[in-house]
Protein chains: 2
Amino acid sequence: MAVNLKQLAELLGLSQTTVSRALNGYPEVNAETRQRVLQAVRETGYRPNRAAQRLATGKAYSIGMVMPIAAGIDSDVHFGEFLAGLGEEAVKHDFHFVLNPSAPEDEEATFQRLAASGNVDALFLAYMRANDPRIAMLKSLSIPFVVHGRSIGETRDYPFLDIDNTGAFYDATRLLIQLGHQRIALINGPDYLTFSIRRMKGMARALAEHGLNLDEALVHHSLMTDEHGYRSMQRFLQQPDAPTAVLCSSTVLALGAVRAINQAGLAIGRDISLIAHDDVLPMLKPENFSVPLTTTRSSLRAAGGRIATRLIAGILKSGDYPDQELWRAELIVRASTGPAPQK
Amino acid sequence: MAVNLKQLAELLGLSQTTVSRALNGYPEVNAETRQRVLQAVRETGYRPNRAAQRLATGKAYSIGMVMPIAAGIDSDVHFGEFLAGLGEEAVKHDFHFVLNPSAPEDEEATFQRLAASGNVDALFLAYMRANDPRIAMLKSLSIPFVVHGRSIGETRDYPFLDIDNTGAFYDATRLLIQLGHQRIALINGPDYLTFSIRRMKGMARALAEHGLNLDEALVHHSLMTDEHGYRSMQRFLQQPDAPTAVLCSSTVLALGAVRAINQAGLAIGRDISLIAHDDVLPMLKPENFSVPLTTTRSSLRAAGGRIATRLIAGILKSGDYPDQELWRAELIVRASTGPAPQK
DNA sequence: ACGGATATCCAAAGCGCTTTGGGAGGAAAG
DNA sequence: CTTTCCTCCCAAAGCGCTTTGGATATCCGT
């Protein structure tokens with residue numbers, strides 16, 4: 001049923017060469033001819049055979065991903081969401097995945113094997129850490145890659161997509177300060193991940209600008225599960241001088257935090273304000289919380305899609321995308337923030 | 001650097017045909033010659049070019065997966081773990097993935113597109129529901145597939161890998177009954193998934209055999225997050241005639257349940273017994289709970305690997321695996337179970 | 001009207017593998 | 001001593017695409 005290039009060319013009375021060129025956007029083909037070809041493609045439903053293309057071009061048409069299987073990552077709620085974005089976009093372009101789970105200790109070997117296998121045209125990297133050794137490694141591998149997030153402390157001369165974590169939490173903190181809050185807590189992600197580091201920095205900066213200090217007793221780092229959110233919040237509330245506002249690095253953490261707050265008999269948005277970072281997880285919408293959450297929002301799925309798009313465009317040399325992107329998170333005010341309670 | 005078939009053949013003074021046959025296990029090749037070939041492969045590090053193989057054989061050497069993006073599935077903690085198993089095994093055989101996220105409503109179209117694309121040799125299906133319409137659909141698609149789990153109510157004439165959920169919870173329940181428990185609660189997964197249905201059935205059967213009834217007030221169905229585990233347990237404990245034992249469909253649920261129990265001031269293994277199903281999630285080991293958990297154990301990652309193995313063997317027509325497998329879960333007794341408290 | 005651009009198109013050579021259709025040589029059979 | 005039959009090997013034809021290296025025709029200025 002499926003036609004191939006040869007048949008299509010015959011049908012059009014053209015050579016394979018011309019048809020191929022028409023399809024791949026080469027200039028040496030008459031505009032009218034190109035239209036005819038495109039039309040015929042539509043009518044016949046012609047789809048180039050990827051295997052043949054791979055063989056002829058040497059491209060793999062697939063992107064590799066080393067899936068970390070360290071604790072708290074592979075089973076991370078956020079990971080699936082990001083993956084969905086990648087997959088969605090990849091499938092549109094008929095690209096494959098090579099998913100390679102790997103323990104941190106043999107990550108390097110895994111990357112090398114993947115790059116050498118010729119099975120992938122590009123690699124993708126996530127869960128960036130400060131001074132992440134993996135980026136130097138990837139650079140030496142001579143295979144294109146894009147990083148989700150960005151390292152800290154290295155020259156920033158590699159392609160990445162990150163959100164402005166510093167800015168997001170700076171904005172959020174400033175809002176809280178403007179509302180009169182002085183003691184603000186932070187329930188953050190793991191302390192070795194760059195987004196955590198930056199969010200804390202953003203918060204510290206906003207505080208500093210208003211002559212306030214970041215109280216270390218009000219900062220917790222942990223995996224982003226709601227259990228951890230719950231426990232952190234509970235401990236904050238038990239402190240002698242409990243915070244009147246709290247920032248959460250994920251709505252998942254916020255889920256637990258909210259529970260702890262309710263349990264303490266406090267009212268969110270009145271007794272205590274809460275702002276969470278919202279990765280736009282479909283099953284956890286901030287507007288559906290009993291008290292709708294004020295959030296800094298940036299879709300994780302969209303990020304996955306964007307990275308796939310860039311990776312693919314890079315491989316195909318189609319389209320031109322910036323090499324480095326920093327997305328701003330929107331600060332969306334809902335009911336979980338309010339003026340600081342008067343003593 | 002990388003050698004190809006032609007070079008390898010030249011090096012050996014053989015034809016490509018013979019080398020190819022030696023490698024692919026054809027009989028018409030002298031045993032000694034085959035050894036020489038194998039030796040040369042080891043020395044040169046020859047790896048067949050997958051693109052060329054795909055083109056020549058028409059096989060895709062990749063397996064397709066429709067990743068459901070319905071609430072509570074894609075971001076499921078358990079999904080990543082399963083995926084890791086699949087990926088690990090696939091990569092060993094140099095197989096690719098085609099990850100296709102799809103909303104339930106266009107799942108059918110997604111499957112069809114995937115099957116028709118010629119980009120995958122086999123499909124994989126999970127999150128089985130009772131009378132799942134997808135298996136009839138897959139059968140009509142004339143593309144091999146394996147199901148993780150199994151449907152209920154249909155003729156069971158399709159390849160699957162499932163664990164004996166009924167048996168697992170039957171065993172668990174029987175143990176509790178033997179320990180003197182009469183009122184046993186169940187914190188289960190979503191009620192439309194077959195594993196939930198079967199686990200409840202297993203529990204009911206064990207109860208019935210001892211003249212006990214399953215009390216509907218003691219059964220909750222929900223997504224398997226610890227939040228839900230917490231809430232369910234809390235509600236159970238508030239009932240007038242609270243249960244003395246509880247079964248959880250996941251250690252994630254157990255996490256929440258344990259929290260609720262502790263909070264109620266009860267001692268696990270003495271005041272109340274708990275048995276959870278353990279999918280062997282690396283970040284949530286039952287032996288690391290404050291009171292080590294008695295569990296029914298079956299590794300989700302192993303299941304993923306096994307399915308990949310079977311799928312790949314089926315495509316390569318190498319090896320012979322059973323078409324249908326039912327794994328028994330082990331009942332492992334730890335400290336969270338004990339005799340029912342005397343009134 | 002003519003050499004040289006310019007615009008369009010094509011034939012054919014791969015890419016690296018599998019597979020078809022033999023062919024040589026020796027053993028078994030007649 | 002032929003004839004037949006294995007056993008083991010090979011040459012060559014694809015698989016469906018891209019790309020090189022021209023062809024051919026048209027158009028330009030002079």
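Keep in mind it's a predicted model, so treat the numbers as computed, not measured. In what follows, every chain begins at residue 1, and chains take the letters A, B, ... in the order their sequences are listed.
Distance NZ (A/Lys6) to P (D/dC15): 7 Å, rounded to an integer number of Å. Atom-to-atom, CG of B/Asn119 to C1' of D/dG16 comes out at 14 Å; the value is rounded to the nearest Å. To the nearest angstrom, P of C/dG14 lies 18 Å from CG of B/Leu5. If you measure from atom CZ of A/Arg47 to atom P of D/dC15, you get 21 Å, rounded to the nearest angstrom. Residue A/Asn49 contributes atom CG, which lies 14 Å from atom C1' of C/dC17 at whole-angstrom precision.
For the OP1/OP2 pair of D/dC9 and a distance below 4.0 Å, the side-chain nitrogens and oxygens of B/Tyr26 include no atom meeting the criterion. Taking only side-chain nitrogens and oxygens, B/Asn4 comes nearer than 4.0 Å to OP1 or OP2 of C/dG16. Contact annotation: A/Asn24 reaches the phosphate of D/dT18 (side-chain N/O to OP1 or OP2, under 4.0 Å).
At least one donor-acceptor pair under 3.5 Å links the side chain of A/Ser151 to the backbone N or O of A/Asp132.
The shortest distance between side-chain heavy atoms of A/Lys59 and A/Gln53 does not fall below 4.5 Å. Side-chain atoms of B/Met65 and B/Asn100, non-hydrogen and from C-beta on, never get closer than 4.5 Å to each other. For the pair A/Leu123/A/Leu138, a side-chain contact is recorded, criterion being any heavy-atom separation below 4.5 Å from C-beta on. In this structure the side chain of B/Leu125 reaches within 4.5 angstrom of the side chain of B/Ile135, judged on heavy atoms. Two residues are said to be in side-chain contact when any heavy atoms from C-beta on lie closer than 4.5 Å; A/Leu161 and A/Val147 fail this criterion. Here the side chains of B/Met137 and B/Phe111 are in contact, with some heavy-atom distance below 4.5 Å. When side chains are defined from C-beta on, A/Arg36 does not count as touching A/Gln39, because their heavy atoms never get closer than 4.5 Å.
A salt bridge is defined here as a Lys NZ or Arg NE, NH1 or NH2 lying under 4.0 Å from an Asp or Glu carboxylate O, and B/Arg301 with B/Asp279 fails to meet this definition. The pair A/Arg310-A/Glu325 meets the salt-bridge criterion, since a charged nitrogen lies less than 4.0 angstrom from a carboxylate oxygen.
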For nucleotides 4-8 of chain D, tabulate all protein N/O to nucleotide N/O atom pairs closer than 3.5 Å, reporting atom names and distance.
none

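Rounded to 10°, the angle separating the first-five-pair axis and the last-five-pair axis of the helix from C/dA1-D/dT30 to C/dG30-D/dC1 equals 40°.
Between B/Tyr127 and B/Phe195, the gap from one ring centroid to the other reaches at least 6.0 Å.
Note on ring orientation: taking the six-membered ring where Trp is involved, the planes of A/Tyr158 and A/Phe145 are parallel (angle under 30°, cut-offs 30° and 60°).
Near DNA chain D, meaning a heavy atom under 4.0 Å from it, residues 52-61 of chain B has B/Leu55, B/Ala56 in order of number. Within residues 8-17 of chain A, the residues that have a heavy atom under 4.0 Å from DNA chain C are, in order of number, A/Gly13, A/Leu14, A/Ser15, A/Thr17.
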### Message
One character per nucleotide, please: for nucleotides 22-27 of chain D, 5' to 3', B when the base has a protein heavy atom closer than 4.0 Å, S when only the sugar-phosphate does, - otherwise.
### Response
------

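Here the closest heavy-atom approach between residue A/Ala40 and residue A/Leu8 is recorded as CB-CD1, 4.0 Å.
Under the side-chain contact (heavy atoms from CB on, under 4.5 Å) criterion, B/Ala56 pairs with no residue, sequence neighbours left out.
With a 6.0 Å cutoff to the six-membered ring centre and a 45° limit on the axis angle, A/Arg50 counts as a cation-pi contact of A/Tyr61.
For the residue pair B/Thr18 / B/Ser15, a side-chain donor-acceptor distance below 3.5 Å is found, with atom types taken as modelled.
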